[in-house]
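Both counts, for ligands and for their atoms, begin at 1 and track the order of listing. This one's a predicted model, so the numbers in the text were calculated from it and none came from an experiment.
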Amino acid sequence: MPESPEPDGLDDLLALAVDVAREAGELARRRRTEGVSVAATKSTIADVVTEADREVEQLIRRRLADARPQDGFLGEESGAGEASGERAVTWVVDPIDGTVNYLYGIPHFAVSIAAVAGEPDARSWRQLVGVVYNPMTGELFHAVRGGGAWLGERRLSVSTPGEAGALVATGFGYDPATHDGDFARLRRVMPFARDVRRAGAASLDLAFVAAGRLDGYFERGLHPWDHAAGGLLVLEAGGVLGGMPDGVPGREMTIAAGAPLAERISAAVYQ
Ligand code: LIP
């Protein structure tokens, strides 16, 4: 597939993503203080969507469409819309990543917004800009393709595990039938880990790998909106992304770390 031409200025795309993420994060934070209600369950009874997830995604989708009507959209709660036009991008959005944390009042969730060139599919997309914003801490992680990964003014770079082993994060999907496999994979990673973290939001796990707060992360069962923005942060912070199928982040596996650790995690989880 011919590479689509570089869309409009990446800095303009980033400015729009940051602006919309802040507004969306503010709405999510406000709804949190007003009280959160479950609107429905999805794949399993544990996989909930709140009224706020839907409202925040509607705000994001409307703001992006007003600013760039030709662009495509792929959102966790409202699905996909095609891009039209040569210089269009597709926005890949998780309005509240870490919904269960959000429901329980754990201040560890984020608005995740990425712009990609091409189809919103990790096997072929080109990640252009990524923003991961936790409105409870005020931390806004951002990256532009070729422009590095940042937390505010601080440029980020992935870490190298120390002698004690790697600090790794992981997660468990909403389907209990998959948990035995998840624990078996974790058991094979623990021999080279100093400890494990399960914080509950893939986008922030990836941002923390980019920031060197975690040495590595792996999880089965992610959707494109869980890793589109966070994945670019890791790449722009000098890390690598891996996974399945086809060696890229996908439903079967997502891996993020500095190259040597990513290789060790891949070897352990694919046995
Ligand atoms: C969540 C991910 C998390 C994973 C959860 C869920 P959501 O996304 O961020 O890493 O373990 O199962 O997929 O549903 O909060 O947007």
Do T254 and E219 get their side chains close enough for a donor-acceptor pair, meaning under 3.5 Å? no

Which of these, V89, L64, T90, sits in a side chain to side chain contact (heavy atoms under 4.5 Å, CB included) with F73? L64

Please report the C-alpha distance between R31 and E55 in whole Å, then the side-chain angles of each, then the deciding distance to 0.1 Å, and finally whether the salt bridge (Lys or Arg N to Asp or Glu O under 4.0 Å) criterion is met. CA-CA 10 Å; R31 292 290 179 262; E55 188 186 3; 2.7 Å; yes

Could you note down all residue pairs passing ring-ring contact (aromatic ring centres under 6.0 Å, His included) where residues 164-185 supplies at least one of them, sequence neighbours left out? F172-F183

For T44 and D47, which I'm curious about, is there any donor-acceptor pair between the side chains at under 3.5 Å? no

Return a table of N or O atom pairs, ligand 1 on one side and protein on the other, at distances under 3.5 Å, rounded to 0.1 Å.
from, atom 1, to, atom 2, distance (Å)
ligand 1, 8 (O), D97, OD1, 3.1
ligand 1, 8 (O), D226, OD1, 3.4
ligand 1, 9 (O), D97, OD1, 2.6
ligand 1, 9 (O), D97, OD2, 3.4
ligand 1, 9 (O), A202, N, 2.8
ligand 1, 10 (O), A202, N, 3.2
ligand 1, 10 (O), E219, OE1, 3.0
ligand 1, 11 (O), R198, NH1, 3.1
ligand 1, 11 (O), R198, NH2, 2.8
ligand 1, 11 (O), E219, OE2, 2.5
ligand 1, 14 (O), Y174, OH, 2.9
ligand 1, 15 (O), G98, N, 2.7
ligand 1, 15 (O), T99, N, 2.8
ligand 1, 16 (O), E76, OE1, 3.0
ligand 1, 16 (O), D94, OD2, 3.0
ligand 1, 16 (O), D97, OD1, 3.3

About how many Å separate CG of L151 and NE2 of H142, when rounded to the nearest 0.5 Å? 7.5 Å

